[in-house]
Asks: 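Would you mind keeping the following structure in view while I ask a few things?
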Amino acid sequence: MTGRFDPAVADVRWQARWDEARSFVADTASPKPKTYVLEMFPYPSGRIHIGHVRNYTMGDVLARFRRMQGREVLHPMGWDAFGMPAENAAMERKVHPGEWTRRNISTMRDQLKRLGFALDWSRELATCEPDYYGHEQELFLDLYEAGLVYRKESEVNWDPVDCTVLANEQVIDGKGWRSGAPVERRQLAQWFLKITDFAEDLLQGLGELDNWPDKVKLMQENWIGKSRGLQFRFRLAGTPSGADSVEIFTTRPDTIFGASFVAIAPTHPIAEALANRDPALAEFIAECRKGGTSAAEIETAEKLGHRTSIEAIHPLDPNWRLPVYIANFVLMEYGTGAIFGVPAHDQRDFEFASKYGLPIKRVVAASADEAGQPIVGEAESMDGIAVNSQFLDGLTTEQATAEVIRRAEAGGWGAGSTAYRLRDWGVSRQRYWGTPIPIIHCKACGAVAVPRDQLPVVLPEDVTFDQPGNPLDRHDGWRKVSCPSCGGDALRETDTLDTFVDSSWYFMRFASEPADKPFDRDEVEQWLPVDQYIGGVEHAILHLLYARFWTRALNHLGRLSIAEPFKGLFTQGMVTHETYRAGDGSWLSPDEVRREGDDWIHVESGIPVTLGRVEKMSKSKRNTIDPEPIIARYGADAVRWFMLSDSPPERDLEWSEGGIEGASRFVQRVWRLATTDVSAEGVDEALERKLHKTIAAVTEALDGLQFNKAVAQSYELASAIEKARPSATRLNAIRTLVLLVAPAAPHLAEEAWAALGETTMIVDAPWPEFNPALLVEDQVTLAIQVNGKLRDTLSAPRGLDRGAAEALALASEKVQRLLEGNAPRKVIVVPDRLVNIVA
RNA sequence: GCGGACGUGGCGGAACGGUAGACGCUGAGGACUUAAAAUCCUCUUCCCGUAACGGGAGUGUGGGUUCGAUUCCCACCGUCCGCACCA
C-alpha cells in the first residue's frame with residue numbers, strides 16, 4: 001500500500017465504525033474498573049472555537065488512553081444551554097432564544113463529531129430542556145425544604161431607561177450597555193443559597209484535593225476568605241431609639257486602644273433608623289447608592305463619612321467616647337457591617353481620620369522605645385509590640401490579640417470569632433432564558449413550593465422580546481396560577497436560576513439519567529467523583545466552588561455519599577495568536593495579512609502591517625482562527641496532534657501555520673512507516689531498547705497529562721524506526737508506534753492498524769506494555785568533569801565500580817592534560833553517570 | 001497593596017542537584033526530479049579560530065549552599081495571572 005494518508009476518507013470511515021460498534025458508550029454494569037473523564041461542557045455560542053478543540057482533545061486523549069488500559073470510561077458531552085447571549089440574539093435578530101440555542105447545538109455537535117472525539121453521545125444533555133431543568137427544580141426544592149434556600153432583599157443594577165435589570169458585565173463605565181443611561185442600584189427580593197453554611201467544609205475539603213492545581217486551591221481559599229478575630233459590642237450613647245449597641249468585628253483586637261472612631265455601613269439598620277430622623281444623612285446614604293454594584297466602581301469612590309449624633313462607649317474605658325460615622329467604605333456584607341477605626345495602623349482609617357481631623361494614636365511599634373514616634377504619611381499596618389495601650393503594653397501583636405479576646409469573653413462584652421469573605425449565592429436572575437424557579441407567590445400563603453407532581457415548571461415558548469424586561473413578567477397565561485396551598489389567586493416566580501446552578505450538577509446527570517428523578521444514587525456513585533476534570537482556569541472560583549457546594553449540599557441531604565465532585569482537576573492554557581495592526585491602528589485578521597521575509601503586509605493594499613504581540617484569540621483583536629477550514633484541510637488528527645504539541649498543556653499554545661504543518665507531516669510519516677515496511681527477520685537490540693523506553697515514557701507522560709512530552713517521545717521513536725534496518729523488531733516497533741499515537745491520532749491509527757493487517761479496531765486494542773529490563777543500557781556514557789566542568793565523555797560498561805570509574809576518568813588524555821601531573825584533591829563518582837575530579 | 005506563577009537559542013519549549021538546549025518550528029546547504037510539490041540528508045546558542053574529534057562564555061541580575069545549581073536558599077529586576085475599601 002502506498003500514497004498519502006487521506007483524512008477526508010479515513011476520518012469519516014472510522015467515525016462511522018466507532019458509532020456502529022458503540023465503542024464509546026459507557027456501561028455502568030461493566031466489571032472493569034471505571035474512569036470518569038470530563039471536560040467542562042460548552043456554552044452553545046454558535047461555533048466551536050479553537051480553545052474548545054484544545055480542551056476536548058486533551059480529555060479525549062486521556063479517555064482513549066484509559067480505555068486502552070482496560071478501564072470502563074465515561075466521557076460524555078452536553079450543553080450549558082441557558083444564558084444571556086441567547087436573549088441578546090433574540091432581541092437583535094428576532095429569533096427565539098430556544099431556536100437560536102438549539103441550532104447552535106446542532107452545528108457545534110457536528111463540529112465536535114468531525115474531530116472524532118470518543119464521546120458517549122447517548123448521554124448528551126442540554127440544560128435548556130425540561131428533561132434536565134425539571135430535575136434541577138426538584139433538587140432546588142430539596143434544598144428549599146432543607147432550609148438551604150432563602151429570600152432576601154438585595155441590590156441589582158437597574159437600567160432606568162430600558163427598565164431592566166443588568167448583569168455586572170452589562171454595565172459599561174457605569175452605564176447600561178444598550179441604553180447608555182447611568183445605572184442605578186435597586187433593592188429586589190431575590191433567592192439565595194446558603195453556601196456560607198458550608199464555608200468551613202469547603203475550605204477544609206480543599207485539603208483533600210491532591211490532584212488539583214495549588215493555584216486553584218489557593219484562589220478558592222482566598223475567595224472563602226477566613227479570618228479570625230474578635231466580635232464585640234460598643235454600647236451607644238445618644239441613640240434616638242432602638243439600638244443601644246453596635247456589633248463590631250475586628251481582626252486586630254490588639255489595636256483597640258488606638259480606636260478614634262466607629263464607622264457603620266450605609267445599609268446598616270442603625271444607619272437606616274437614623275436616616276429617618278436626619279434628612280442630611282438620608283441624602284448621604286442615597287449618594288452612596290449611586291453607580292453600579294461592580295467592584296471597580298465601589299473601589300474608586302472617595303472615602304466619605306457622615307458624622308452622626310451618637311457616640312460609642314469604649315468597652316475598656318467607660319469614660320472614653322468615640323464619634324460614630326456612617327461611612328461609604330464599610331460593607332454591610334462583610335463582618336458585622338461596622339468597624340472601629342484605628343488610623344495609625346490601617347490605611348483606610350488613616351485617610352478617613354486625616355480627612356475628618358480625628359486623632360491618630362500609635363498603639364503598635366517595632367519596639368517599646370518607639371512608643372513616642374509619630375505616624376507620618378501613611379498607616380503602619382505591620383505587627384509589632386503594643387504601646388500606649390495600658391495593660392497590653394509590651395505584648396506582641398499575637399499576645400495582645402489573645403489577651404483582648406480573653407478579657408472580652410471574661411467581661412461578657414465580646415468573643416473570639418471567625419469571619420468569612422464568602423457570601424451566600426444569589427441565584428435569582430430577572431431573565432427569561434433560564435430554569436424557572438419552582439415557587440408560587442400567594443398573597444395569603446407567601447412563597448409556596450410548586451408541588452412535585454407539577455414539575456417540571458416548563459418555560460413557555462410563546463414569548464416575545466419586543467419590549468425590555470423579562471417576558472415572563474407579562475405572560476399572564478403562564479404566570480397566573482392558583483395557590484397550591486389555599487387555592488386562591490397566585491403568581492409564579494418569574495425569576496429564573498443563575499446558569500451556574502445548571503452546571504453545578506450536570507456531571508451527576510451524565511452518570512445517571514433516569515426519567516423520574518434527577519439521578520440514581522447508586523449509579524452516580526459508580527462513576528463519581530470525576531477522575532479528571534479539564535477546563536479553563538477562568539472557572540477556578542465560581543463554577544468549581546458552586547459545584548463543590550452543590551455536591552456537599554446533596555450529601556448533607558443524604559442524597560449522595562460523596563462530598564467532593566472532582567477528584568482531579570486540570571486547567572489548560574489558552575490558544576493564542578499573533579496580532580496585526582494596520583497603519584491607522586485597526587486590527588487585521590490573519591487572512592488579511594501575508595508574510596514577506598521578515599515583514600508583514602496587508603494582502604489587499606500591499607501596505608506594511610505592524611506585527612503585534614501574541615495574545616489570546618478574541619473577536620476584538622481579530623486574531624481568531626476558525627477550526628473548521630483547518631480540519632477540512634489537514635484532517636482531524638493533524639489538528640488534534642498540533643493541539644498537544646509544542647506547549648505544555650497548562651500553558652498557552654500559540655497557533656501557527658508552521659505548527660499545524662509539522663503535525664500534518666508527522667501524521668503522514670507514521671502512515672508511510674505503517675504502509676511501506678517490508679517484513680524481515682531478526683532482532684535489532686538497540687531499537688528494542690528505544691521502543692521500550694518510549695512506551696515507558698509515553699505512558700508516564702499521558703498519566704501526567706504531559707501531552708507535549710508524549711508527542712516528543714513519539715517523534716523520537718519514529719526517527720529511530722526510520723533509521724533502523726528492516727527486522728522483526730522494526731515491524732513490531734511500527735505496530736507499537738501506531739498504538740502509542742492512537743489516543744491522539746485515532747483515525748490515522750485505525751487506518752494504519754488495518755494496513756498492518758489487523759482485523760479488530762485499535763480502539764479495542766490493549767495499551768502496550770514495556771519490559772523494565774530493557775530500560776537499562778549495558779553500556780553507559782560517563783560524563784567526566786574537572787572542577788565541575790565537563791571535559792570528556794567516556795563509554796563504560798554499566799555497573800562499573802567507583803574505583804574503576806575513577807581510574808578510567810583519570811586515564812583520560814584531557815584529564816591528564818588539565819591535571820598537569822598533579823594528583824587530584826578529591827574525586828566524586830556517581831555510578832553510571834559521571835566522575836568529577838576536583839583538582 | 002496582597003497572593004501566586006513564570007523568566008533557558010531566531011521562536012515554542014526539554015532537562016530525578018550530575019553531559020543545558022531533547023522534540024518541534026524557522027533558516028542555510030545538499031540529494032532525488034525535466035521541473036515543482038512531496039520526501040530524505042547535513043548544519044543551525046553565542047564569541048574566538050581556516051579548521052579540529054580546539055578554546056571561552058552561557059539558563060533575567062547579584063549573592064549564597066554544594067565537588068557540581070536551569071534546578072535549592074536570599075535579594076533585586078521584568079512579565080503574566082488572581083484578589084481587594086475585607087475591618
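In what follows, chains carry the letters A, B, and so on, assigned in the order in which the sequence lines appear, proteins first and then strands, with residues in each chain numbered from 1. Heavy-atom basis, side chains included; hydrogens, waters and symmetry copies ignored.
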Asks: Will you find, in the side chains of A/N623 and A/T579, an N or O donor that is under 3.5 Å from an N or O acceptor?
Replies: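 Side-chain D/A pair, A/N623 to A/T579: absent.
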Asks: Just by distance, with hydrogens left out, do A/R228 and A/T418 show a side-chain donor and acceptor under 3.5 Å apart?
Replies: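 Yes, side-chain donor-acceptor contact under 3.5 Å.
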Asks: Salt bridge check, A/E657 against A/R633: does any charged N sit closer than 4.0 Å to a carboxylate O?
Replies: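 Yes, this pair counts.
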Asks: Reckon A/N787 touches a base, only the sugar-phosphate, or nothing at all at heavy-atom distances under 4.0 Å?
Replies: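 No contact.
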Asks: Look at all strands and tell whether A/V330 reaches a base, only sugar-phosphate, or nothing, counting heavy atoms closer than 4.0 Å.
Replies: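 Result for A/V330 = base.
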Asks: Salt bridge check: are A/K226 and A/E221 linked by an N-O gap of less than 4.0 Å?
Replies: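 No.
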Asks: Give, ordered by number, those residues of residues 225-233 of chain A having at least one heavy-atom distance below 4.0 Å to an atom of RNA chain B; if nothing qualifies, reply none.
Replies: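 The answer is none.
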Asks: For a quick check of understanding: with a heavy-atom distance under 4.0 Å over all strands, which category does A/V838 fall into, base, sugar-phosphate or nothing?
Replies: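 Result for A/V838 = sugar-phosphate.
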Asks: If you measure from the P atom in B/G9 to the same atom in B/G62, how many Å do you get, rounded?
Replies: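 Approximately 15 Å lies between the P atom of B/G9 and that of B/G62.
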Asks: Between B/A38, B/G82, B/G4, which one does the side chain of A/L218 approach most closely?
Replies: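 Nearest listed nucleotide: B/G4.
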Asks: Does a side-chain N or O from A/R348 land closer than 4.0 Å to OP1 or OP2 of B/C86, or not?
Replies: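 Result: yes.
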Asks: Counting the atoms with a prime plus P, OP1 and OP2 as sugar-phosphate, which does A/T781 contact under 4.0 Å by heavy atoms, base, sugar-phosphate, or nothing?
Replies: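 Here A/T781 touches the bases of the nucleic acid.
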Asks: Among side-chain atoms of A/S647 and A/R54, is any donor-acceptor pair under 3.5 angstrom?
Replies: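 No, because no side-chain N or O of A/S647 sits under 3.5 Å from a partner of the opposite role on A/R54.
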Asks: Surrounding CD of A/E398 (heavy atoms of other residues, nucleotides or ligands, distance under 6.0 Å), is the total greater than 12?
Replies: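 Not more than 12 within 6.0 Å, no.
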Asks: List the steps and the verdict of ring pair (Phe, Tyr, Trp, His ring centres under 6.0 Å) for A/F232 and A/F340.
Replies: CA-CA 11 Å; A/F232 70 99; A/F340 69 86; 5.8 Å; yes
Asks: Is a side-chain N or O of A/R730 found less than 3.5 angstrom from the main chain of A/A724, in a donor-acceptor match?
Replies: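 Checked: pair present.
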Asks: Could you give the distance separating B/A20 and B/G13 at their C1' atoms, to the nearest angstrom?
Replies: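 Taking atom C1' in both B/G13 and B/A20, they lie 13 Å apart.
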Asks: For A/H345 and B/G1, what is the distance between atoms NE2 and P respectively, to the nearest whole Å?
Replies: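 After rounding, the gap between these two atoms is 21 Å.
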Asks: Taking atom P in both B/G18 and B/C83, what distance in whole Å separates the two?
Replies: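 The same atom, P, in both gives a distance of 37 Å.
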Asks: Please measure how far the P atom in B/U71 lies from the corresponding atom in B/U8, and state the result in whole Å.
Replies: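 Taking atom P in both B/U71 and B/U8, they lie 13 Å apart.
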Asks: Would one find a side-chain N or O of A/R669 under 4.0 angstrom from OP1 or OP2 of B/U39?
Replies: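 A/R669 to B/U39 OP1/OP2: no side-chain N or O under 4.0 Å.
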Asks: Tell me what A/G659 touches on the nucleic acid: a base, only sugar-phosphate, or nothing, going by heavy atoms under 4.0 Å.
Replies: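 Answer is nothing: A/G659 stays at 4.0 Å or more from every strand.
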Asks: Base, sugar-phosphate alone, or nothing: which one does A/F249 contact when heavy atoms must sit under 4.0 Å apart?
Replies: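 Result for A/F249 = base.
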Asks: Please give, in whole Å, the distance from B/G24 P to A/R651 CZ?
Replies: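 Computing the A/R651:CZ to B/G24:P distance gives 19 Å.
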Asks: With a non-hydrogen cut-off below 4.0 angstrom, is A/E716 in contact with a base, only sugar-phosphate, or nothing?
Replies: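 A/E716: backbone/sugar contact only, no base atoms under 4.0 Å.
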Asks: Round to the nearest Å and state the distance from A/K723 atom NZ to B/U42 atom C1'.
Replies: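 About 11 Å, once rounded to whole Å.
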Asks: Mind checking if A/R423 touches a base, just sugar-phosphate, or nothing, with heavy atoms under 4.0 Å?
Replies: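 A/R423: base contact, heavy atoms under 4.0 Å.
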Asks: Kindly say if A/Y334 contacts the phosphate of B/A87, meaning a side-chain N or O under 4.0 Å from OP1 or OP2.
Replies: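 Indeed, a polar side-chain atom of A/Y334 lies that close.
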Asks: Establish, with yes or no, whether the OP1 or OP2 oxygen of B/C25 is under 4.0 angstrom from a side-chain nitrogen or oxygen of A/R665.
Replies: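 For A/R665, the contact criterion (side-chain N or O under 4.0 Å from OP1 or OP2 of B/C25) is met.
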Asks: Within less than 4.0 Å of OP1 or OP2 of B/C67, is there a side-chain N or O belonging to A/R833?
Replies: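 A/R833 to B/C67 OP1/OP2: no side-chain N or O under 4.0 Å.
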Asks: With respect to the side chain of A/L331, which nucleotide from B/A14, B/G18, B/C86 is positioned closest?
Replies: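 That would be B/C86.
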Asks: Give a yes/no answer on whether the side chain of A/K709 brings an N or O atom under 4.0 Å of OP1 or OP2 in B/A15.
Replies: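 Answer yes for this pair, as a side-chain N or O of A/K709 is under 4.0 Å from OP1 or OP2.
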Asks: What is the distance from CG of A/N222 to P of B/G3, rounded to the nearest Å?
Replies: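 Answer to the nearest Å: 10 Å.
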Asks: Is there a side-chain contact between A/R672 and the phosphate of B/C40, meaning an N or O under 4.0 Å from OP1 or OP2?
Replies: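 Checking B/C40 against A/R672, a side-chain N or O does come within under 4.0 Å of OP1 or OP2.
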Asks: Which part of the nucleic acid, if any, lies within reach of A/L834 when heavy atoms closer than 4.0 Å are counted: base, sugar-phosphate only, or nothing?
Replies: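 Base: the residue A/L834, judged by heavy atoms under 4.0 Å, touches a nucleobase.
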Asks: Please measure how far the P atom in B/C6 lies from the corresponding atom in B/C43, and state the result in whole Å.
Replies: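 Going atom to atom, P in each nucleotide, I get 34 Å.
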Asks: Would you say A/R802's side chain and A/V829's backbone share a donor-acceptor pair under 3.5 angstrom?
Replies: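 It does hold such a pair.
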Asks: Is the side chain of A/K709 donor-acceptor paired with the backbone N or O of A/V698 at a distance under 3.5 Å, no angle test?
Replies: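 The answer is no, because no donor-acceptor pair under 3.5 Å joins these two groups.
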Asks: What nucleic acid atoms does A/K826 come within less than 4.0 Å of, heavy atoms only: base, sugar-phosphate, or nothing?
Replies: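 Counting heavy atoms under 4.0 Å across all strands, the contact made by A/K826 is with sugar-phosphate only.
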Asks: Between B/C23 and B/A36, how far apart are the P atoms? Round to whole Å, please.
Replies: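 To the nearest whole Å, 29 Å.
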Asks: OP1 or OP2 of B/C67 sitting under 4.0 Å from any side-chain N/O of A/R825?
Replies: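 Indeed not, no polar side-chain atom of A/R825 lies that close.
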Asks: When the nearest nucleotide of RNA chain B is assigned to A/T793 and to A/K814 on a heavy-atom basis, which residue is associated with the more 5' position?
Replies: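 Checking each residue's closest nucleotide, the 5'-ward one belongs to A/T793.
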Asks: Given the P atoms of B/A15 and B/C76, what is the spacing between them in whole Å?
Replies: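 Looking at atom P only, B/A15 and B/C76 are 29 Å apart.
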Asks: Output yes when A/K693 and A/E716 qualify as a salt bridge under the 4.0 Å nitrogen-oxygen rule, no when they do not.
Replies: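 Result for this pair is no, no salt bridge flagged.
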Asks: I'd like the C1' distance from B/G21 over to B/U44, given in whole Å.
Replies: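 One C1' to the other, the span is 12 Å.
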Asks: Could you spell out the base pairing of RNA chain B as a dot-bracket line? Use Watson-Crick and G-U wobble contacts where both distances are under 3.5 Å, [ ] for crossing pairs, | for partners on a different strand.
Replies: (((((((..(((.....[....))).(((((.......))))).((((.....))))..(((((..]....))))))))))))....
Asks: Does either side chain, that of A/Q572 or that of A/R651, offer a donor lying less than 3.5 Å from an acceptor on the other one?
Replies: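 No, A/R651 and A/Q572 have no side-chain donor paired with an acceptor closer than 3.5 Å.
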